[in-house]
Every structure is written in C-alpha cells, then in structure tokens.
Amino acid sequence: MPLRIDHTFRDALAAQQRDAGRPLVGMWVCSGSPLIAELCAGSGLDWLLVDAEHSPNGLESILAQLQAIHGYPVQTLVRPPVNDTVVIKQYLDLGVQNLLIPMVNSVAEAEAAVAATRYPPQGVRGVGSALARAARWNRVPDYLARANGTISVTVQIESTAAVEAVEDILKVDGVDAVFIGPSDLAASMGLLGQQEHSEVRAAVEHCLAAAKAAGKPAGVNAFNPDTAQHYLDNGADFILVGADVALLARGSEALAAKFIQKPDGETQASY
C-alpha cells in the first residue's frame with residue numbers, strides 16, 4: 001500500500017516566505033510524555049521541538065511522541081543530544097524528518113550534520129530502510145531514491161564561534177535554516193544567565209540579518225514575550241515561545257501561591 005511522506009519544516013518555511021505569511025510559532029516538548037506531546041500538537045501552534053539534548057528522551061520515547069503527534073497539523077522538529085552521525089542515523093530511521101542540530105560552530109560541523117542525513121554518494125547515512133519506520137518498512141515507494149529530499153536540517157547557532165562563522169555556515173548546501181540559542185550564546189560570551197543582555201541581543205540580530213541576506217530562514221528561542229516580539233520585529237522567521245515543562249512548573253506554582261496560606265494566615269502572592 002503506497003504511503004505518503006509528510007512535508008518538511010523546510011517546505012513550511014518556504015511557503016511562509018513565498019506567501020509573505022506570519023512567522024511560525026512553536027514550543028518545546030521536553031517532558032518525554034507522548035500524552036503531553038499530543039496535547040501540545042493539538043494546540044494550534046505551528047511547530048513543536050521534541051528535545052533530547054536537555055530532556056529525558058531516548059529513542060523509544062521519541063518514537064512514541066512521533067506517533068502521538070502524527071496526524072495533527074503541526075510541524076515536528078527533533079533535537080538530538082549531539083551532532084553525531086550514528087545518533088542522527090537512528091533518529092532518521094525512527095521517522096524523524098526535521099532535525100535541529102545543536103552546537104554547530106563551524107562550516108565543517110554544518111557539513112557533517114548534512115552528510116549524516118544523506119545517503120551515499122551525497123552523504124554517509126547508513127542504509128537500513130527495510131528495518132525502519134522512516135520507510136514504513138519499505139512500504140514507502142522509492143524511499144531510498146527520495147529520502148534525501150524528505151529531510152530538513154536546521155543548525156543551531158549558540159556560541160561566539162558560531163556567530164563569527166554564521167555567514168559561511170549559511171552557505172552550506174543542505175542547511176535549510178539556522179536557529180539561534182541565546183542562553184548558550186550568552187554563556188559563551190561570559191554572560192551566563194543574561195540572555196537579555198544588549199550584547200547578546202546584538203549577536204542574535206546579527207545572525208538574523210545574515211540569514212536574511214543569505215535568503216535562508218532564521219529562528220530564535222525567546223520565552224520573554226517582549227523579547228520574542230523584538231526578534232520577530234527584527235526578522236525572525238520562526239520562534240519558540242514556551243515549553244511544556246515550564247508551563248506546568250509556573251502554572252502549578254501559581255496555584256500554590258494563590259491557595260496555600262502562609263503561617264501568618266495570608267495567602268501567597270499570586271504570580
């Protein structure tokens with residue numbers, strides 16, 4: 001039975017730029033829970049980032065979340081813990097079509113990320129489609145011939161070295177977009193925990209401008225609503241504005257603050 005391959009994040013970004021539409025708005029999915037992933041998938045957001053770099057996600061939980069999200073009108077990106085050929089191969093075989101590769105600091109690292117997603121001779125991806133969900137166990141017609149075009153690669157700019165190399169990274173064939181991480185970028189600038197610092201903002205804006213000049217989409221992480229709007233106003237094509245675990249943490253804290261009394265009889269201040 002012929003089966004479809006979903007459109008990629010690259011396709012969604014291209015449609016957005018072609019149609020002069022609004023930026024794509026998304027959130028992190030970090031809990032490792034398929035149920036939470038499905039809840040987020042039905043929210044009306046444009047895209048989700050299932051994270052395995054700073055979250056308790058392994059191959060099995062990523063697979064379960066892909067299955068839970070599939071069928072909802074949302075783009076799904078997955079971030080591996082490291083820019084590694086073997087790890088990327090496993091993610092692709094699970095059926096991940098959109099990768100966000102962390103800590104890409106140079107042209108060579110960007111080229112390695114792209115090569116890991118391509119079958120030879122264009123790349124170094126191992127061939128195991130008969131065993132893999134990506135090809136629906138060889139139920140997707142001509143998967144091997146078509147696979148390279150069914151995967152999008154977004155690389156993460158999150159260090160001073162990456163900012164300095166961003167123009168060259170954007171030139172790498174197969175890099176579909178860049179995504180700036182202000183938290184690690186701030187740390188690399190000696191400004192740990194100060195992602196709102198003016199120097200960090202200037203570095204982010206430099207990357208957004210470089211991407212615009214190169215004709216490639218650029219995104220950024222910004223949980224602060226004012227900061228998020230600032231980056232959108234400065235040309236961000238896609239953005240992450242929250243996370244499942246952060247929403248639950250702040251929401252549960254707000255409930256405790258509102259309803260649990262202090263020893264003096266007063267309720268805690270509401271957030």
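Numbering starts at 1 and runs along the sequence shown. Reckoned from all heavy atoms, side chains included, excluding hydrogens, waters and symmetry mates.
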Heavy-atom donor-acceptor pair, [X] side chain to [Y] backbone, under 3.5 Å:
| X | Y | answer |
| --- | --- | --- |
| Thr117 | Val114 | yes |
| Asp46 | Gly26 | no |
| Arg10 | Gly149 | yes |
| Gln122 | Arg118 | no |
| Ser252 | Leu248 | yes |
| Asp84 | Val87 | yes |
| Asp168 | Ala165 | no |

Heavy atoms from other residues, nucleotides or ligands near CG of Leu192 exceed 12 (cutoff 6.0 Å): no
Asp173, CG: over 12 other non-hydrogen atoms inside 6.0 angstrom: no
Is the closest side-chain heavy-atom distance between [X] and [Y] below 4.5 Å?
| X | Y | result |
| --- | --- | --- |
| Leu208 | Ile180 | yes |
| Ser188 | Glu158 | no |
| Ile36 | Ser31 | yes |
| Arg22 | Gln16 | no |
| Tyr143 | Ser129 | yes |
| Asp184 | Met103 | yes |
| Arg125 | Asn148 | no |
| Ile101 | Thr154 | no |

Quick one: pull up [atom1] in [X] and [atom2] in [Y] and give me the separation to the nearest 0.5 Å.
| X | Y | atom1 | atom2 | result |
| --- | --- | --- | --- | --- |
| Ser43 | Asp244 | OG | CG | 11.0 Å |
| Gln65 | Asp51 | CD | CG | 10.0 Å |
| Gln195 | Arg201 | CD | CZ | 10.5 Å |
| Glu196 | His230 | CD | NE2 | 9.5 Å |
| Glu38 | Leu48 | CD | CG | 11.5 Å |
| Met27 | Trp47 | CE | CH2 | 11.5 Å |

According to a 4.5 Å side-chain heavy-atom criterion applied to Ile, Leu, Val, Met, Phe, Trp and Tyr, with indirect links allowed, do [X] and [Y] form part of one hydrophobic cluster?
| X | Y | result |
| --- | --- | --- |
| Val29 | Val220 | yes |
| Leu92 | Val50 | yes |
| Phe9 | Leu49 | yes |
| Val96 | Leu144 | no |
| Leu247 | Leu255 | no |

Name of the residue among Leu13, Ile69, Leu45, Asn98 meeting side-chain contact (heavy atoms from CB on, under 4.5 Å) with Gln75: Asn98
Given Asn234, Leu185, Thr227, Asn221, the one that forms side-chain contact (heavy atoms from CB on, under 4.5 Å) with Val204: Leu185
Quick one: closest heavy-atom pair of [X] and [Y], and the distance?
| X | Y | value |
| --- | --- | --- |
| Ala110 | Val172 | CB-CG2, 4.1 Å |
| Tyr91 | Pro81 | OH-CD, 3.4 Å |
| Leu24 | Ala12 | CD1-CB, 4.1 Å |
| Leu99 | Pro80 | CD2-CD, 4.2 Å |
| Met189 | Thr160 | CG-CG2, 3.4 Å |
| Gly126 | Tyr119 | O-CE2, 3.4 Å |

Go through the side-chain N and O atoms of [X] and [Y] and say whether any donor and acceptor fall under 3.5 Å apart.
| X | Y | answer |
| --- | --- | --- |
| Gln156 | Arg79 | yes |
| Glu164 | His206 | no |
| Gln97 | His7 | no |

Residues Val178, Leu170; criterion side chain to side chain contact (heavy atoms under 4.5 Å, CB included); working and verdict: CA-CA 7 Å; Val178 296; Leu170 284 159; 3.6 Å; yes
Ion pair Asp237/Lys216, N-O distance below 4.0 Å: no
Full working for side-chain hydrogen bond (donor to acceptor under 3.5 Å, both in side chains) between Ser152 and Asp176: CA-CA 6 Å; Ser152 77; Asp176 297 304; 4.7 Å; no
